[in-house]
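Residue numbering restarts at 1 for every chain, and letters A, B, ... go by the order of the sequence lines.
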There are 2 protein chains.
Amino acid sequence: MSKPDTKHRILDAAERLFADKGYHNTSLRNITSAAKANLASVNYHFGSKEALISEVMDRRLAPINKIRTERLKAIQQTARDAGSPPLAEEAFCAFIEPMFTFRESAPNARHFIALVGRSLAEPDGTVRNIFKKQIMPVFQLLFEVISEALPHIPEKVLYWRLHFAIGSVSHTMHCLCSKPMIHTECAPPQDSTEVLRLLLPFITAGMEAPL
Amino acid sequence: MSKPDTKHRILDAAERLFADKGYHNTSLRNITSAAKANLASVNYHFGSKEALISEVMDRRLAPINKIRTERLKAIQQTARDAGSPPLAEEAFCAFIEPMFTFRESAPNARHFIALVGRSLAEPDGTVRNIFKKQIMPVFQLLFEVISEALPHIPEKVLYWRLHFAIGSVSHTMHCLCSKPMIHTECAPPQDSTEVLRLLLPFITAGMEAPL
DNA sequence: GTCTATAGATTGATAGAC
DNA sequence: GTCTATCAATCTATAGAC
């Protein structure tokens, strides 16, 4: 087990700094000095700052989204085989849990979670578009499964409720890494599992609310 | 009715640009050229870029938060007088509606809504802390009223649910101004009233979900 | 692959004339 | 209050030695 090479050290440092300080507020100098690498090495290994953030995002998102897609398709198939609609809560669990599981998988994984949680709120198109490209097919699939789970709710209402749910998930993701906003004394840093157990019923109840 | 003076033109331009491009990605030159003002005028009128964003936030947030506080206190008082708990949905309406009403009040108000919606997701402390300082007392009061509305739900659960609700609200606010994420064809730009009518039942159902 | 050195542009802030 | 001019620092990116 050799020590991580320059390219990986840069990716790790960029992931942490982009998450902590934001894309535009993080310079290549910040990254290379944190990674103990030379300033020129970023452009040698990645070509540009934009290509770097793109690789930072893709490296983690691709495997997570693969798991999400598999789980969502399995839920869809099982429901069709049984001839009964899938459960909305199961669908959301398939979407959220892989991200939370990843968070516990590595000591520094939480930085990436914060980065992703903020991506949809990024004012600049650079980061947001990279994220959108990766997440869009998963959102489409999630919407499909939710539609099957709640066929009595008009598509337009369902769309907005999914939108609200994504807001809850994003906000929770980027807050799980920094200080909570309010009542910090009754919300010490908890493990993701407990937060997931609280988040899923909230979302499910919101999705299934009477019209 | 004279044309707005330089200071106001700078505030308006800064509000729009900070919302569109983000704080760090907007330069003072961007702002002054949009405001048809001289570069040096920002430092003359405000002192620094940070003091400018601070005034951009405070100018709109202070009156909105005043209305929120009054409405929340009125709900609290009415419930106490009647000897019955307040309604969670009414409390959230008191919190959300003033922001949505403001959105329809002026042609360019929507920029500010996006700016606020993103504030909690700002990685940099500068913007986030300015916003926190303004919003914290309102959050505290909202939490109080919600606690009285749902006394059977443990405080810790209530805290997290409020956190999830704030995520939905923030995400909706900064998305109401740009393109929606998914299924754009079934979600054309709508007026805030309709979104509020969809958002309130979602949040209320989530807050009141069985344990 | 890693380094030094630097180009070329942009940043926030300020000094000083008017 | 508004302007020009500029400073000192910082930025991304690249050229070229090793």
Problem set entry | Beyond-backbone contact of B:Leu52 with B:Leu11, side-chain heavy atoms, under 4.5 angstrom | yes
For residues 36-43 of chain B, run the donor-acceptor check on the side chains, cut-off 3.5 Å, and write out each pair with its distance to 0.1 Å, sequence neighbours left out.
residue, atom, partner, partner atom, Å
B:Asn38, OD1, B:Ala40, N, 2.9
B:Ser41, OG, B:Asn38, O, 2.4

Exercise. Taking 4.0 angstrom as the limit, do A:Arg118 and A:Glu122 come out as a salt bridge?
Worked result: no
Exercise. Would you say A:Arg60's side chain and A:Val116's backbone share a donor-acceptor pair under 3.5 angstrom?
Worked result: no
Exercise. Of B:His163, B:His171, B:His174, which is the lone residue that meets ring-ring contact (aromatic ring centres under 6.0 Å, His included) with A:His171?
Worked result: B:His163
Seminar exercise, completed: the helix from C:dG1-D:dC18 to C:dC18-D:dG1: angle between terminal helix axes, five bp per end, to the nearest 10 degrees, reads 10°
Problem set entry | B:Lys49 charged N/C atom sitting above B:Phe18 aromatic ring, 6.0 Å / 45° | no
For this session: Before giving the answer on salt bridge (Lys or Arg N to Asp or Glu O under 4.0 Å), spell out for B:Arg59 and B:Glu55 the whole-Å C-alpha distance, their side-chain angles and the decisive distance to 0.1 Å.
Result: CA-CA 6 Å; B:Arg59 158 174 88 143; B:Glu55 200 150 324; over 6 Å; no
For this session: Could you tell me whether a side-chain N or O of A:Arg68 sits under 3.5 Å from a main-chain N or O of A:Phe95, the two making a donor and an acceptor?
Result: yes
Problem set entry | Within residues 23-32 of chain A, residues whose heavy atoms come under 4.0 Å of DNA chain D | A:Thr26, A:Ser27, A:Leu28, A:Arg29
For this session: State whether A:Phe46 and A:Lys7 meet the cation-pi test: NZ (Lys) or CZ (Arg) under 6.0 Å from the six-membered ring centroid, and within 45° of the perpendicular axis.
Result: yes
Problem set entry | Set of side chain to side chain contact (heavy atoms under 4.5 Å, CB included) partners for A:Ala94, sequence neighbours left out | A:Arg71, A:Leu72, A:Ile75
Exercise. Counting only non-hydrogen atoms, which of residues 37-53 of chain A are less than 4.0 Å from DNA chain D?
Worked result: A:Leu39, A:Ala40, A:Asn43, A:Ser48, A:Lys49
Problem set entry | Nucleotide range of DNA chain C lying under 4.0 Å from chain A heavy atoms | C:dG1 to C:dT4
Exercise. Any side-chain heavy atom of A:Phe202 within less than 4.5 Å of one from B:Met207?
Worked result: yes
Exercise. Do A:Gln76 and A:Leu141 have side chains that get closer than 4.5 Å, going by heavy atoms?
Worked result: yes
